[in-house]
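All values derive from a computational prediction rather than experimental measurement. In listed order, ligands and their atoms are each counted from 1.
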Amino acid sequence: MRRNAEELAKMRRAGRVVAEMHEATRAAIRPGVTTADLDRVARDVLDRRGAKSNFLNYHGFPAVICASPNDMIVHGIPGSYRLKEGDIISIDCGAIVEGYHGDAAYTAGVGEISPAARRLLEITERSLHAGIAVMSEGHRLFDIGLEVQKVAEGAGFSVVREYVGHAIGTAMHEEPQVPNYWPGRPGPKLKSGMVFAVEPMVNAGGAETVLLEDGWGVVTADGSLSAHFEHTIAITDEGPEIFTLAA
Ligand code: MG
Ligand code: MG
């Protein structure tokens with residue numbers, strides 16, 4: 001689906017709110033803080049901006065952020081888990097402004113983290129930006145995953161297969177999906193006005209995942225660390241425009 005200028009303006013505003021949720025939660029991350037505390041920080045931003053959450057009540061999800069520490073890949077329910085020095089924590093959240101959605105994620109270190117963990121974060125974020133770099137007319141949708149995969153696997157890491165990016169607009173998850181790997185065919189042509197959430201999940205060890213008993217949290221099967229970076233990006237005549245960056 002291609003969005004017109006008015007729709008893109010609303011998505012840009014939703015993206016700004018998500019960026020602000022990122023800034024606020026990032027500033028609150030320190031040893032001793034619980035993931036429920038971070039959820040409250042993000043809720044305050046939504047309230048202040050008069051925006052709605054697209055995470056809260058999504059298939060019954062009970063919070064406005066997903067908070068996924070260490071070997072948790074995605075979809076962690078915020079709660080009593082208390083961050084400790086050396087953890088990594090993935091925060092994924094979104095916002096709805098005038099019916100239009102933004103969605104973005106980052107992984108941060110808690111205090112000092114190991115060089116191996118820092119490298120995982122750097123490579124995962126770099127893989128996201130390698131994918132974004134090919135988001136322009138003349139490219140195909142699945143070129144994005146190919147670029148992500150080259151960076152992540154080139155560093156000796158693995159890319160999660162079961163969870164993928166997606167088109168986004170008047171719903172958070174729209175078709176088509178955006179895999180973080182080459183699915184064996186190029187996919188649809190990218191056109192100006194299309195908007196996608198691109199979100200590599202990169203594991204330090206193997207790609208295999210396990211769903212926790214709460215039905216939400218997803219962890220690495222081998223217990224290795226996992227990182228997650230996501231932006232909402234529009235394809236424009238001038239190239240990719242990231243909506244979920246801070247102003
Ligand atoms: Mg997300
Ligand atoms: Mg997403």
Check your understanding: Taking only residues two or more places apart in sequence, or in another chain, which ones meet W216 in a ring pair (Phe, Tyr, Trp, His ring centres under 6.0 Å)?
Key ->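 Once residues adjacent in sequence are excluded, the partners of W216 under the ring pair (Phe, Tyr, Trp, His ring centres under 6.0 Å) criterion are F61.
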Check your understanding: What residue pairs, at least two apart or across chains, pass side-chain hydrogen bond (donor to acceptor under 3.5 Å, both in side chains) with a residue in residues 57-70?
Key ->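 For residues 57-70: Y58-H173, N70-D87.
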Ignoring hydrogens and angles, write down the donor-acceptor pairs under 3.5 Å from the side chains of residues 122-135, residues two or more places apart or on other chains.
from	atom 1	to	atom 2	distance (Å)
T124	OG1	L120	O	2.7
S127	OG	T124	O	2.7

**Study point:** Atoms of type N/O/S from protein, distance to the Mg ion (ligand 2) below 2.8 Å
**Key:**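 There are 4 of them.
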**Study point:** Row check, Y181 ring normal vs R161 NZ/CZ: under 6.0 Å, within 45°
**Key:**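 Yes, a cation-pi geometry holds between R161 and Y181.
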Check your understanding: Is R26 positioned over the aromatic face of Y106, cation under 6.0 angstrom from the ring centre and no more than 45 degrees off axis?
Key ->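 That pair qualifies as a cation-pi contact.
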Exercise for review: Tell me yes or no: between the side chains of H228 and T107, is some donor less than 3.5 Å from an acceptor?
Suggested key: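 Result is no, nothing qualifies.
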